[in-house]
Student: 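Quick one: structure below, then a few questions.
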Amino acid sequence: MGAYNTISFKPEHCDGCNACMTACATAKAGSDDVVNSRIQIVADGDAFELAMCRQCGDPKCVSNCPAAALAKDGADGVIDWDGSKCVNCLLCTVGCAFGGIVYNAAAGHVVKCDTCDGDPACVKACDRGALKYLTTAHIYNEVGDLEDLFVPGLAGCQGCNTELIMRHTMRRIGPDTVLATPPGCIPGMGSVGYNGLTGTKVPVFHPLLTNTASMLTGIKRHYKRQGREVNAVALAGDGGTADVGFQSLSGAAERGEQILFICVDNEGYMNTGMQRSGCTPFGAWTSTTPVGERGKGKTQDAKNLPLLMMMHNCEYVATASTAFMEDLYDKLDRAIEASKRGFSYLHIYSPCTTGWRFPSAENIEVARKAVETNFVMLWEFNPTDGLRLSRSLDEPRPIDEYLEALGKYRHLEPDQVGHIEATLRKNVEQIRGLAGG
Amino acid sequence: MQETQYLIVGASHAALSALQAIRMQDAEGSVTVVTRDDALPYSPTVLPYVVSGRSAPERVALKDGAWFEQNRVGFIRGAAVTSVDAAAKRAKLSSGEEIAYAKLLLATGAAPILPPIPGLKDVKFHVLRSLDDAVKLNQALPNTKQAVVLGAGLVGMHAAENLAKAGAQVTVVEMQPRVLAGYFDAEASAIIEAAFAAKGIQLMLGAKVSRLETAGQGARVTTDKGAALDADLLLVAAGVAPVTDYLAGSGVAVERGVLVDDTMRASAEGIWAAGDVAQAKGFYDEAKILNGILPSAVEQGRIAGMAMAGDPALKPWPGGVPLNTYTFFGQQAVSVGSQDAGEVVRKEADAKHYLKIVMRDNRLTGIFGINVPFDPGVMWELILRRIDLSSVREAFIAEPQKTARTIMSRTWR
Ligand SMILES: Cc1cc2nc3c(=O)[nH]c(=O)nc-3n(C[C@H](O)[C@H](O)[C@H](O)COP(=O)(O)OP(=O)(O)OC[C@H]3O[C@@H](n4cnc5c(N)ncnc54)[C@H](O)[C@@H]3O)c2cc1C
């Protein structure tokens, strides 16, 4: 048992067609009168709001029921109504602050959403993507049940995103793996271990910054020769990927080696004191692009590593963010599959609380803002389908929301923000062009 | 002597809600619940339906033994707390047993008031507060031809309806000029009164019982207007008062109920009170009031439990808002908030429908309806949050349910 599935509503995708209400009324009351729908979309001009049972964790309708007619089902999280016990007192409707349980005149008693036994009719009827039956929590639960392949107590900074990435990805990839972790935060926090003990539960090795992809190539080929099927995976920082590691990476990709190379991009050499890398964006403060009387942060733009990898025509290339875990997991699955056929590359953005200077509790929020402002774009590529967007680039949030969240941009002057905006526009157009519109 | 970290007196809504809040924060601390009822926890609110036979007594339990076990709570039933020593932190039970506690919750609810009517002591009468009361009334039903109910509050009205449905000729005697005076104004009450009259229930309003005497198997009821009624069943439903007798000499300050602050703490160290027994701040002014309704008991119980367990998420009691839902003969009456804490901005009534909205400074203070749909829980929240409705005032007055849902979905979705 763990978290539950829920029906989620995105008002921005709703156009008020009422198909969900008709579907619900039909399914639950055998009538197409929307007054009988357990989901109520409320139109306010051209905006849409929702009144529906939220299947609360600590439901007040249940506490307010004097007849024990309402109960939250521990297995599926749904609040069940028992008509044989209900006395029609309506006190549940006093407890509910969401308009989720209401008296229905046709039925002669209160009615509420029961999620149609996990297959909600309203969601199936919504072709605008406004209603979804979310399975995110299921993914966490599923992955939570898998073995964590790192030891407890890795020495990451408080709020480290990279540690999340390491644990989640390796859980998903599984124990039949040989792992390469070149110098950077990942070995730095203890994955390669101390004093002869490793911090992982799979074979791990610590290549040089320069030769990760070639060492992994050799290991994978060796296992293949022995007839053993193992995943050869690199978890590397952006320095080890984009800068000194690039030569061996590019070679392995070009040769189509059957490995999965994951770049955990925190936009700099954070482990060794926050120096700039080829992935550090324009304007960012780092210890080698300082801010002072003359310096105003990095003066060059970041190189677009995932695009570079795409140009190698790899079996699979994708970008991902921990703010969008469902997407990340889907891509991991495809990346592992692809690495059995050829070279697979996954670029995961990893905001760094210490090096980017923001409160440690805000990591996922920062990751989300990066995506929602289009600063980071989520897409995937394979040679057959080309590049496809995983998330629309339309209607981004203003870039200021992202820049203002980070201490490393605190000093920015208007002309620098202008530069960042221009680069962003250019990058978005480029990806749009590749995605075919 | 038994020792417990948390001692909870009472096993109804306030108690259970506190218990859940305690276990949310403190999974280990020992908890003991004591109730004078020899039954699994049940709600007084369900009792009219036990009287009518709609709810079987064995199906109304809010929690069962397995639940207490699962939550590792000691459940002592059929034993009343007879005294509390706040200084020594001990409670004495009717069984003679003593329990030492670290923290004590008083959730003993309320009990029927027996008005000073000459002769009441000497006649047979019923009250309705406990499961035993309800079972006795249910058993009396088949032999009841003439029933008299004293009091036209919620308890009296529920009982009157069920007695009538069971075939009795029912008369309700009420001092106030209308029924359910605490929740509805004259026009709204008139709709309810008409429904009762249509079912042959006689309502004697503005009348006082002046004398009671035994007559045959039943009682003779005489009113101050000179009417005389014969009843083979007499139900006294003249209001309730907090159960605090066991607190005499305890050092806990009691006015009409146990006086509590905004975290339900009583005057004595280590003691909290919640539900019908507590006298807590009202919402519309700071005066401490009795607000004996189920949703308040649930809310206060939760706050008390959180305070007792030291839950940092505790938010103080916002103040009691009178509210209720009342179903009668298949019709729905809902009352949320105060009739007179603002000005009436909409009011309309016909034979079957009624809607009244009261606002102050563009904020909702009360909304009352009969057979008009709106979400009481959403309205309650609008009142508690003192949401400024100036930008949607006309829309709210025209379509309260829809507008309130829109605000809800935007504000606390
Ligand atoms: C017939 C009827 C209909 C009602 N209808 C409605 C309604 O429609 N809407 C509404 O909001 N409210 C209604 N109420 C009121 C509602 O039931 C109460 O507000 C609510 O039950 C209060 O809960 P509580 O936990 O504070 O106290 P109670 O429910 O009164 O419970 C008190 C508990 O304390 C125990 N106890 C008392 N004294 C002692 C002692 N000395 N030692 C040990 N245990 C003790 C009792 O056994 C009981 O378990 C109705 C009440 C009645 C009687």
Side-chain angles (χ1 to χ4, degrees), chain A residues 8-11 14 35 39-45 47-54 56-72 74 82-112, chain B residues 12-13 16-17 20-21 24 41-50 52 54-55 59-63 158 293-295 297-299 301-302 323-327 330 332-334 336 371 373-382 384 392 395 401-410 412-413:
Chain A
S8 93
F9 175 60
K10 288 241 163 69
C14 179
V35 79
I39 178 170
Q40 287 291 327
I41 303 292
V42 190
D44 178 31
F48 300 95
E49 302 293 341
L50 173 78
M52 186 177 63
C53 175
R54 313 295 162 104
C56 295
D58 184 12
K60 288 203 186 153
C61 57
V62 175
S63 316
N64 272 8
C65 178
L70 287 162
K72 189 170 174 77
D82 180 347
S84 74
K85 287 186 169 179
C86 176
V87 296
N88 257 346
C89 71
L90 306 184
L91 280 166
C92 50
T93 69
V94 174
C96 178
F98 299 101
I101 185 163
V102 294
Y103 180 76
N104 181 281
H109 53 73
V110 290
V111 297
K112 65 177 293 297
Chain B
S12 178
H13 291 287
L16 294 175
S17 168
Q20 252 155 320
M24 215 57 119
Y42 64 86
S43 171
T45 302
V46 83
L47 297 177
Y49 309 94
V50 173
S52 72
R54 175 172 179 162
S55 303
R59 293 197 77 213
V60 298
L62 297 173
K63 303 287 175 203
H158 272 302
I293 54 171
L294 190 158
V298 167
E299 220 32 47
R302 196 176 51 80
L323 50 118
N324 234 309
T325 50
Y326 173 56
T327 355
Q332 287 75 40
V334 176
V336 183
N371 301 323
F374 58 79
D375 305 305
V378 175
M379 297 301 177
W380 187 12
E381 200 63 26
L382 277 185
L384 287 181
V392 292
Q401 180 179 44
K402 180 178 166 211
T403 313
R405 284 180 171 180
T406 308
I407 298 166
M408 167 278 290
S409 178
R410 283 210 192 109
W412 64 86
R413 71 160 75 240

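A note on names: the letters A, B, ... follow the listed sequences, proteins ahead of strands, and every chain is numbered from 1. Just so we're clear, the structure is a prediction, and the values are computed from it rather than from any experiment.
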Student: Sort out for me which of B:Ser43, B:Ser52, B:Pro376 touches chain A most, counting heavy-atom pairs under 4.5 Å.
Tutor: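 Sorted descending by pairs with chain A, the first entry is B:Pro376.
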Student: Tell me, for A:Ala47 versus chain B, whether the close heavy atoms (under 4.5 Å) come from the side chain, the backbone, both or neither.
Tutor: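 Side chain only.
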Student: Could you tell me whether the side chain of B:Lys402 and the main chain of A:Asp44 form a donor-acceptor pair under 3.5 Å?
Tutor: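 Flag not set: sc B:Lys402 to bb A:Asp44 has no pair under 3.5 Å.
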Student: Compare all side-chain heavy atoms of A:Val87 with those of B:Ser55 and state whether any distance is below 4.5 angstrom.
Tutor: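 The answer is yes; the side chains approach within 4.5 Å.
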Student: If we define contacts as heavy-atom pairs under 4.5 Å, which of A:Gly95, A:Cys89, A:Cys86 has the most with chain B?
Tutor: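 That would be A:Cys89.
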Student: Using heavy-atom distances under 4.5 Å, tell me whether B:Asn371 contacts chain A through its side chain, its backbone, both, or neither.
Tutor: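 Interface part for B:Asn371: neither.
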Student: Give the member of B:Val298, B:Val50, B:Leu323, B:Val334 that has the highest number of heavy-atom pairs under 4.5 Å with chain A.
Tutor: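 Top option by heavy-atom pairs under 4.5 Å: B:Val298.
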Student: Quick check for you: among B:Leu294, B:Asp375, B:Val392, which has the greatest number of heavy-atom pairs under 4.5 Å with chain A?
Tutor: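 Of the candidates given, the most pairs with chain A belong to B:Leu294.
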Student: Measure B:Ala61 against the heavy atoms of chain A and call it side chain, backbone, both or neither at under 4.5 Å.
Tutor: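 Contact with chain A involves the backbone of B:Ala61 alone.
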Student: What are the two closest heavy atoms between B:Trp412 and A:Phe98, and how far apart are they?
Tutor: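 Scanning both residues, the minimum pair turns out to be O-CE2, 3.2 Å.
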Student: State, with a plain yes or no, whether a side-chain heavy atom of B:Met408 is found less than 4.5 Å away from one of A:Glu49.
Tutor: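 No, every pair of side-chain atoms sits at 4.5 Å or beyond.
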Student: Between A:Ala69, A:Ala71, A:Ser84, which shows the greatest number of heavy-atom pairs under 4.5 Å with chain B?
Tutor: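 Of the options given, most contacts go to A:Ser84.
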Student: Do you know which of A:Asn64, A:Val42, A:Val62, A:Asp58 has the most heavy-atom pairs under 4.5 Å to chain B?
Tutor: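 Among A:Asn64, A:Val42, A:Val62, A:Asp58, the one with the most close pairs to chain B is A:Asn64.
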Student: Side chain from CB out, backbone as N, CA, C, O: work out which of these in B:Pro373 comes under 4.5 Å of a heavy atom of chain A, or both, or neither.
Tutor: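 Looking at B:Pro373, nothing touches chain A.
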Student: Heavy-atom distance under 4.5 Å to chain B: side chain of A:Cys61, backbone, both or neither?
Tutor: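 Contact with chain B is absent: no heavy atom of A:Cys61 under 4.5 Å.
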Student: Heavy-atom distances under 4.5 Å only: say whether B:Met24 touches chain A with side chain, backbone, both or neither.
Tutor: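 Looking at B:Met24, just its side chain touches chain A.
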Student: So for A:Cys92, is it side chain, backbone, both, or neither that comes closer than 4.5 Å to the heavy atoms of chain B?
Tutor: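 Contact with chain B involves no heavy atom of A:Cys92 at all.
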Student: Under 4.5 Å heavy-atom distance to chain B, tell me which part of A:Val102 shows up: side chain, backbone, both or neither.
Tutor: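 Side chain only.
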Student: Do A:Pro66 and B:His13 touch side chain to side chain, with heavy atoms closer than 4.5 Å?
Tutor: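 SC-SC contact between A:Pro66 and B:His13 confirmed.
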Student: Can you tell me which portion of B:Leu62 sits under 4.5 Å from chain A's heavy atoms? Options are side chain, backbone, both or neither.
Tutor: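 B:Leu62 touches chain A through backbone and side-chain heavy atoms alike.
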Student: Which distance, rounded to the nearest 0.5 Å, do you find between the CD of A:Gln40 and the CD of B:Gln401?
Tutor: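 Answer for the CD-CD pair, A:Gln40 versus B:Gln401, is 7.5 Å.
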Student: Check A:Gly99 against B:Arg405 and note the closest heavy-atom contact, atom names and distance.
Tutor: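 Shortest heavy-atom contact: O-NH2, 4.1 Å.
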Student: Any side-chain to backbone donor/acceptor pair from B:Thr327 onto A:Asn88? Under 3.5 Å, distance only.
Tutor: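 The answer is yes, because a donor-acceptor pair under 3.5 Å joins these two groups.
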Student: Go through the atoms of B:Glu299 and report whether side chain, backbone, both or neither lie under 4.5 Å from a heavy atom of chain A.
Tutor: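 Contact with chain A involves the side chain of B:Glu299 alone.
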Student: Kindly indicate, with the supporting measurements, whether the criterion side-chain contact (heavy atoms from CB on, under 4.5 Å) is fulfilled by B:Gln332 and A:Thr93.
Tutor: CA-CA 12 Å; B:Gln332 287 75 40; A:Thr93 69; over 6 Å; no
Student: Measuring only between side-chain heavy atoms, which start at C-beta, is B:Arg59 closer than 4.5 Å to A:Asp82?
Tutor: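 Side-chain contact under 4.5 Å: yes.
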